[in-house]
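Letters A, B, ... are given to chains in the order of the sequence lines, protein chains preceding strands, and every chain is numbered from 1. Quick caveat: nothing in here was measured; it's all calculated off a predicted structure.
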Number of protein chains: 2
Amino acid sequence: MLVDEVLEKVLDRVVPSFEESRGVARVVERVLRALDGASHELGADVVAEVEGSFAKDTWLADDVDVDIFLLFSPDVPLEELRRQGLLIARRAAEALGAEWEERYASHPYLTLKVEGYRVDVVPAYRVASPAEIRSPVDRTPFHTEYVRERLQEKPGLKDDIRLLKRFAKGVGVYGAEIKVEGFSGYLLELLALYYGSFKTTITAVATWRPYRTVIDMEHHYESWRDALKRFHDPLVVVDPVDPRRNVASPVSLSSMCRFIAASRAFLRAPSIDFFYPSERPGRPLGELLRSRGVVAIKTYLPKIPEDVLWGQVKRALRALSNGLERLGFTVYSSDAWASGGELVLLLELEALTLSPLEKHYGPPVYSDHNERFLKKYLREGAVAGPYVEGDRWVVIRRRKLRGVKEALAKLISAYNLGERITECLRRGYEVYVGPCAASASSNPEYRTHLASWLERRYPWLSS
Amino acid sequence: MLVDEVLEKVLDRVVPSFEESRGVARVVERVLRALDGASHELGADVVAEVEGSFAKDTWLADDVDVDIFLLFSPDVPLEELRRQGLLIARRAAEALGAEWEERYASHPYLTLKVEGYRVDVVPAYRVASPAEIRSPVDRTPFHTEYVRERLQEKPGLKDDIRLLKRFAKGVGVYGAEIKVEGFSGYLLELLALYYGSFKTTITAVATWRPYRTVIDMEHHYESWRDALKRFHDPLVVVDPVDPRRNVASPVSLSSMCRFIAASRAFLRAPSIDFFYPSERPGRPLGELLRSRGVVAIKTYLPKIPEDVLWGQVKRALRALSNGLERLGFTVYSSDAWASGGELVLLLELEALTLSPLEKHYGPPVYSDHNERFLKKYLREGAVAGPYVEGDRWVVIRRRKLRGVKEALAKLISAYNLGERITECLRRGYEVYVGPCAASASSNPEYRTHLASWLERRYPWLSS
């Protein structure tokens with residue numbers, strides 16, 4: 001299919017209809033009025049303002065989260081802002097008869113469910129310039145303003161931004177949260193503004209190189225080298241409203257490279273799969289698990305904010321992988337799945353059982369530590385040695401831990417795998433080895449997740 | 001036991017008796033006379049001269065090889081020297097009624113068996129100074145002269161040298177040949193001259209550090225740093241008679257470190273085992289082979305000079321180890337045994353069979369090679385992927401080679417393992433895996449060698 005035909009089809013789906021826009025606008029109106037009422041009632045000096053993709057008209061059809069900021073004067077103390085912000089939001093939610101939930105990013109905010117739409121109400125400071133912000137969320141109004149102004153000059157770009165967001169979603173790199181380590185909506189808007197259209201953006205991304213790509217659209221730095229000196233990230237996009245910030249700092253090397261790979265693949269063979277990946281049935285789970293060295297560690301989670309959870313999960317996976325490698329295992333890949341209070345850590349190993357013997361390196365022969373080493377192995381006896389290889393003492397000895405279950409038990413009991421996850425694991429966990437990994441959770445979403453992790457094949461690549 | 005008691009006992013065994021000395025002297029006299037007669041008869045302008053440990057009186061009782069050099073004038077062309085040298089030696093052997101064998105170092109020489117003693121007859125040039133030598137053997141007369149002169153000032157040191165040689169033999173580092181990569185007799189003599197006695201030498205060796213130890217007894221270099229700049233060897237002992245040469249250049253890192261380790265152990269717990277290691281029975285071969293990932297590759301050798309053979313054997317072991325590691329195996333150790341036309345290459349692996357799947361890294365996503373990689377795995381199908389990890393494409397795929405036998409067959413047929421050994425192996429080989437390794441040769445020496453390699457424990461360390 002030709003690129004333009006594909007994009008035509010995608011546009012049909014991502015551009016909100018007049019009805020949908022009007023529906024969301026009405027909800028926003030209602031929430032703003034309720035917030036104004038609540039502030040008035042509480043005598044708070046605060047302005048409710050719409051931010052984010054809805055304010056910029058870059059949101060995707062059937063997929064909108066509205067952000068409303070409660071902007072306080074910088075004179076208000078932080079404690080007061082938090083207290084009043086939540087109070088106003090809760091009061092408004094009650095007035096609207098809306099469900100609400102308290103959440104936490106850099107500070108607390110409220111998520112309302114109004115007529116089926118999710119509306120985040122975020123208390124923040126209205127500061128004079130981004131140089132004066134007190135917390136990252138205070139920057140958001142400047143981002144909204146910057147993008148809106150630029151889009152006024154070029155309103156047609158809104159649809160290109162929608163295509164780009166849908167593309168990033170489709171290939172799995174949309175979102176700056178720790179779970180994804182990908183591209184935020186604001187970052188994608190900047191890319192489209194910088195490169196000029198969806199197609200020129202994808203064409204540019206296809207030529208990106210990690211740790212060498214710098215976009216500094218407001219020329220805050222003398223040269224791209226200067227910007228690279230300041231930001232040691234795979235991708236650098238200097239925030240137009242704040243030279244101290246790399247908008248792409250949450251983007252991991254893998255996410256950046258996946259975006260590059262997908263862009264190259266799209267240019268080679270455009271298809272709608274990049275935007276709306278078909279959930280192919282793939283191979284059955286039993287077949288996918290055959291001869292794979294998979295271990296699933298299942299535990300139960302208390303309520304933790306998403307970003308905290310995924311930060312801890314990634315730390316635990318890193319620590320477990322390192323620990324297993326130190327014990328002699330080879331870790332091919334790791335992943336996690338969490339839902340409804342269940343957490344499953346997934347590891348794929350070269351083998352689930354190690355050979356009976358290991359080669360163990362001691363100190364150099366000229367080291368002062370070698371006496372202890374020699375005494376130990378002369379007393380205990382080694383399978384071979386102690387002998388000298390190169391400049392070191394070496395023994396071949398029987399492994400203490402051969403099975404992955406024992407190895408994990410040791411790591412979980414003795415290592416710091418991150419405070420929160422260690423806590424959960426020490427309270428209780430179950431290990432599912434090999435084909436049993438399929439039964440770590442009875443949640444059908446888990447099985448779907450496990451299958452796609454085992455297959456690790458991008459729908460857009462099969463086309 | 002105290003050091004001095006041990007040394008006393010060793011001296012009883014290493015210092016030749018009056019009778020033995022007289023016996024060897026008589027043989028030397030006979031050979032010299034026969035060589036003179038032969039030269040005379042052939043009209044050659046050559047002087048027969050005794051070199052080596054017998055000339056210096058630093059040889060070990062019951063363990064003497066006599067070196068006699070046929071020294072030619074530098075005017076004689078090399079071809080002529082070789083032809084005449086061998087001719088004279090052969091004529092002398094016939095006159096003596098001695099068995100002889102032609103051998104080869106940097107040029108050919110003859111080994112005579114006279115009254116049970118081995119006498120090497122080596123043609124060489126008598127040059128005015130070591131700067132003018134034409135081949136390494138021409139340096140030997142200068143070595144002999146240097147050590148003799150120094151020993152005249154300190155004749156008591158001869159017994160210290162004998163102790164040192166016996167020690168080096170006992171701990172397995174005696175000999176500069178490729179098989180051992182250890183300490184030549186001349187090198188040990190220099191060490192004793194430099195440090196002053198057996199005990200001071202061992203005490204000094206115990207403090208050696210590889211790549212930082214320099215002995216320059218004639219102060220040829222300004223500083224030890226200058227010498228280290230010229231010689232990039234673990235141990236540097238500048239030849240007193242030739243500043244361009246490191247006498248210790250044949251010493252491998254392992255041999256140097258084994259010598260250090262043994263010296264430290266001797267100072268901690270002196271024992272006669274360092275000099276005369278007891279051939280302990282150790283554990284039975286069957287037990288030693290249990291759960292060891294051993295492979296023995298047996299082939300048949302044509303007649304090759306020892307140093308050529310061991311150079312090729314070491315190269316083959318290195319190439320096989322690298323090849324196996326590249327295929328996914330982990331090599332713990334390697335060794336070889338050769339005798340009577342049989343060669344057995346020994347390898348110890350972590351495991352003899354690899355897991356069914358392997359993780360295979362492709363090119364970076366931004367590389368131009370990635371299309372070929374993707375096409376291949378999309379067509380063939382991979383167990384998982386192609387997926388992006390970091391900046392690279394990756395697949396999990398089925399291994400083509402899992403067993404060590406198939407892996408060796410591939411390496412032997414497709415890799416260059418050194419010309420001579422590759423030739424032998426391609427003519428035919430047998431692989432013995434695991435406990436079967438015991439039957440690779442029916443020579444009882446092989447079984448002894450195999451057992452001691454499997455045990456890899458130094459007799460002197462068990463004390």
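A salt bridge links B:E455 with B:R283: the closest approach of a Lys/Arg side-chain nitrogen to an acidic carboxylate oxygen falls below 4.0 angstrom.
At a 4.5 Å heavy-atom cutoff, B:W453 makes no contact with chain A through either its backbone or its side chain. For a residue to count as touching a neighbouring chain, one of its non-hydrogen atoms must lie under 4.5 Å from one of that chain's; by this rule B:S367 touches chain A with the backbone only. Residue A:R392: no heavy atom, backbone or side chain, is found under 4.5 Å from chain B. In this structure, chain A has no heavy atom under 4.5 Å from any part of B:L354. Looking at A:I260, only its side chain comes within 4.5 Å of chain B, counting heavy atoms on both sides. Looking at B:E358, both its backbone and its side chain come within 4.5 Å of chain A, counting heavy atoms on both sides.
Ranked by heavy-atom pairs under 4.5 Å with chain B, the list A:M256, A:R398, A:E348, A:E371 is led by A:E371. The residue among B:R264, B:E389, B:R258, B:R292 with the most heavy atom pairs within less than 4.5 Å of chain A is B:R264.
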Enumerate donor-acceptor pairs with a distance under 3.5 Å from any side-chain N or O in residues 379-388 of chain B to protein atoms, sequence neighbours excluded.
{"residue": "B:E380", "atom": "OE2", "partner": "B:K376", "partner atom": "NZ", "Å": "3.2"}
{"residue": "B:Y387", "atom": "OH", "partner": "A:R456", "partner atom": "NH1", "Å": "3.0"}

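Rounded to the nearest 0.5 Å, atoms CD (A:E350) and CZ (A:F329) are 11.0 Å apart.
Residues A:F274 and A:W460 bring their aromatic ring centres within 6.0 Å. The ring of B:F183 has its center no closer than 6.0 angstrom to the ring center of B:Y174.
A donor and an acceptor atom, one from each side chain of B:T203 and B:T200, are nowhere located under 3.5 Å apart.
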